[in-house]
Every structure is written in structure tokens, then in C-alpha cells.
2 protein chains.
Amino acid sequence: MTRGLTDRQAQVLEFINNFLSRQGYPPTVREVAAQFGFRSPRAAHDHMKALQKKGFLRAAPGLPRALNVVGHAKHIPLLGRIAAGQPMLAVEEADEYLDLDPTFFGHGSFFALSVRGDSMVGDHIQEGDLVILRSQADAFSGEVVAVLLEDEVTLKHFHPVADGVELRAANPLVKTIKVRPEDSLRILGVMVGLVRKV
Amino acid sequence: MTRGLTDRQAQVLEFINNFLSRQGYPPTVREVAAQFGFRSPRAAHDHMKALQKKGFLRAAPGLPRALNVVGHAKHIPLLGRIAAGQPMLAVEEADEYLDLDPTFFGHGSFFALSVRGDSMVGDHIQEGDLVILRSQADAFSGEVVAVLLEDEVTLKHFHPVADGVELRAANPLVKTIKVRPEDSLRILGVMVGLVRKV
DNA sequence: ATTCATACTATACGCAGGTTTAGGTTAGGG
DNA sequence: CCCTAACCTAAACCTGCGTATAGTATGAAT
């Protein structure tokens, strides 16, 4: 929950988080400015100052890249549910964060989903597991993907077929979903890992 | 596996790791130098260059704090095998490290084991999974434990019975092991989590 | 014997980057 | 209607920090 932040401030914070997980170190003021097309570092600096004042960021004065995103909000956002109708996955929806080694699962932007139901037990993915996904809008055949289908997020095997896409579960009791090209299917990411707390 | 590194280089790498986890951002060359009492940044820079050449560190040239520690170094040691006859689990035996949020699985001292075989498929633990364990020498009935039995480490359900201990697998094809009190059974830790890389 | 890698001191160059000063525009609240 | 906050440009200041040059010392390897 990013309460009390303006849109721009939330965007800046999100960028800093993404930069951190992709690069392994925080961005400079100018790198933030470049991301948003600011012609002066001052603009980025202002937003970062505001984030500090509101307690979302800590910075050691004078030192380059000496940033801390507070509120243990780092690395991998854990998305419980996805708001319907959003054009993009907003990080603001994240309830919690997982602090994992960002290089452990490879490169890219990641998020986590808590698994509900037993549609993937065949792959030894059980209820309550946290599935780690790399954000991407396409997938290879056979990969496990998180898809947004009619305002619901599900985890399925992705299989393109002649006249659309089949979404298969790893549970014989759950029947395959057939998606036509005209249906609103969006791939949120592909599974790259799993974390279980017992 | 910190082989191929000199003592100093290993110390520098460890410091960079510690700095990273405490501060949230990597140190500068001069901060490394200060830590070791070097009177010239050149000394630290040399060691960091050596670490880069050996593949333990990546650095963007010219940019301050733009460091990446490669090769998963920290927090949870991943134990592939356990040397026989050792009185304690020496952390030096670790081949690799997992960098997880240390508070994610609770408190204590942790290590990880790579799962071989399918004796725990009933619990949805499959080959190649990394099982996270809290180091402790005892366990409650029913908990999943890693035990050292005749120079071999196995993952089993722990069940004390009248005349000893039963170690049960989560696979009907694998038969239960009965351990008498006089046998050399040592519990290494209890399972607290699981990480899977797909 | 003499090359090499390790491990440092001392000094300095130059630019990346945090920060400041000095503005401008827009929207909202009292 | 003023006042503040948000949001930005432009230009400059100055120091932190990566890096280079020039050495010294040691020990292992060839």
C-alpha cells in the first residue's frame, strides 16, 4: 500500500525498486531523471526528497546511489489479487514483498503469486506455495504461465494450438481451458521458481 | 565455493556482501579501503579488480557503487553432501549459498539441501528442490527432518515410537526406516521451507 | 636468478553525481 | 485571491569516488 504518494512519486519509487532488482544497486538521481525524461536532475531529486519525507526512502546525503527503500519493500512484490480492468500490473497493488536474491532466478522483473487451489498438484505445486514469475507478455509452449482471464488470475500450462491457445492444468480433474484469439487473454509472466513456507 | 580466492580477496568479498545486506547498497572503493585500514584506495581497488577477473564480482566501470556480487553468496549455505564423522556442520563445507530474506522462514540458523530422489513426492517435494532447514538437533513428531544416518543424509518424517524412532518417507514405494536408540542417528535440522528453480 | 602475482603506499586527475540557486506552471484549499 | 504543494527547466557548484601513474616489499614459481 503506497498511501499518501502522488502518482509521480509512486512511479519513481517503483522505478527505484525495479532498478534495484535488475541492477543489484540503487540508481543515481540522474538515472531516475533519465528514466522519466526529465531535463534536469532537480525534478528527480525533488521526488526522491518527497519520498524520503514521507518515509518511503532513505538516502545518505551526498553519497551517490546510497539509497534504501524502506518498509522492507524490495525485490519481489507479492500480488495477492489483481485489480480488474487495469492496463498494467501496478506495483501499488502489492501487499507484501519477498526479499530474494534477484539474480537467483535469473534476470528480469519478477513478482510472486500465492497459489490457491490444487490445479497444479501434478507439478508438485500446492496450495499456499509462492510461485515466482518473470514479468513477460509472451511464453513458449509448455511453460507455466500466470494469465489474466476475465478478471481472474490463474496458473496454467501454456500451449498454443491451431485456433488459439490451450491452458492446461496439472491436475486431471481440472479441465483444459480453450482460449480463442478474440478473447481477452493476457500473460502476466512465466514461472521461474517456487518458494514454500511450511 | 570460495576457492581460487586469496584470504584477502575472500575477506573483501565478504565485507562487500555484509555491507550490501546491512546498508542495502554496495560500498565504494574507499569504503572498502577504510574497512581494512588501507591508506590508499588503490589497494582495495586491486582486490576488487581481482575479484572481477575471477568472476566473483561485477562492476560498471566509472560508476560509484555499481557493484554486483555474483555467484549467490550469503545467508543460507547450500550443503550438497555432508562429510562423515564431523562433530558439527562446518559452514566451510558449503558449495554454494542461497540469498534469501533471513527473516522469511523465521529465526534461527538455516541451511539448504538439494533434494535427490523421489522419496518425498507425497509432500510435493521433488528432485532438485532446495529444502530450507533450521539447524536443530531435535524435532517434534511428524516434522520433516534431515537426518545423518550412517554417513548419509536423508529427508524423512520424524516419528518417535516406543523403542526408537521411525523415519518415514512420503512415498509408499519407499519403506520406513526403524532406528534404535543405540544407532547413530543425528538430526541436522527441521524443514521450514522449500525453494524451487524451474 | 628472475620473473610473476599478491599486497600494499602515495599522489593526483577528472568527471559523475548530489545538491543549490533561481526560476516557471498548474491545481487545490482556506 | 493568495498560498502552498506538486512538478518541472536551466545552470552551476563542488566533492566523492573511480581510476591512473609510480613506486616498495614479499613470497612463490619457473
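Everything numeric here is computed off the predicted structure, so don't read it as measured data. Chain identifiers are assigned alphabetically (A, B, ...) following the order of the sequence lines, protein sequences preceding nucleic acid strands; residue numbering begins at 1 within each chain.
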Colleague: Got A/R168 and A/H159 here, is their nearest side-chain heavy-atom distance under 4.5 Å?
Modeller: yes
Colleague: Going 5' to 3' along DNA chain D, between which two nucleotides do contacts with chain B fall, using a heavy-atom cut-off of 4.0 Å?
Modeller: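 That gives a stretch of D/dC17 to D/dA22.
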Colleague: Looking only at the side chains, is there a donor atom on one of A/D129 and B/H124 sitting less than 3.5 Å from an acceptor on the other?
Modeller: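 Note: A/D129 and B/H124 side chains miss the donor-acceptor criterion.
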Colleague: Expressed in angstrom and rounded to an integer, what is the separation of A/D46 atom CG from C/dT21 atom P?
Modeller: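 Going from CG in A/D46 over to P in C/dT21 covers 13 Å.
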Colleague: So, under a plain 3.5 Å distance rule, would you say the side chain of A/R30 forms a donor-acceptor pair with the base of C/dG18?
Modeller: yes
Colleague: B/Q9 CD to C/dA5 P: how many Å, rounded?
Modeller: 13 Å
Colleague: Check whether more than 12 heavy atoms from other residues, nucleotides or ligands sit under 6.0 Å from atom CG of B/D163, and answer yes or no.
Modeller: yes
Colleague: Work out which heavy atom in B/L20 is nearest to a heavy atom in B/Y25; give both atom names and the distance.
Modeller: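 Taking B/L20 first and B/Y25 second, the nearest heavy atoms are CD1-C, 3.3 Å.
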Colleague: How many Å lie between CZ on B/F36 and P on C/dC8, as a whole number?
Modeller: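 One finds 9 Å between P of C/dC8 and CZ of B/F36, rounded.
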Colleague: Measure the distance from CG on A/D7 to P on C/dG28 and round it to the nearest whole Å.
Modeller: 13 Å
Colleague: Would you kindly give the NZ-to-C1' distance between B/K49 and C/dC8, to the nearest whole Å?
Modeller: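 B/K49 atom NZ is separated from C/dC8 atom C1' by 18 Å.
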Colleague: Which residue, B/G62 or B/T6, contacts DNA chain C at a nucleotide closer to its 5' end, judged by nearest heavy atom?
Modeller: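 Of the two residues, B/T6 wins.
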Colleague: In this structure, which one of A/Q11, A/E14, A/H47, A/K54 forms a side chain to side chain contact (heavy atoms under 4.5 Å, CB included) with A/L5?
Modeller: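 The option that passes is A/K54.
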Colleague: Looking only at N and O atoms, is any donor in the side chain of A/R42 or the base of C/dT21 less than 3.5 Å from an acceptor on the other one?
Modeller: yes
Colleague: Kindly write out the residues that satisfy side chain to side chain contact (heavy atoms under 4.5 Å, CB included) with B/V174, not counting sequence neighbours, or none if the list is empty.
Modeller: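 Partners of B/V174 under the side chain to side chain contact (heavy atoms under 4.5 Å, CB included) test: B/S119, B/A169, B/N171.
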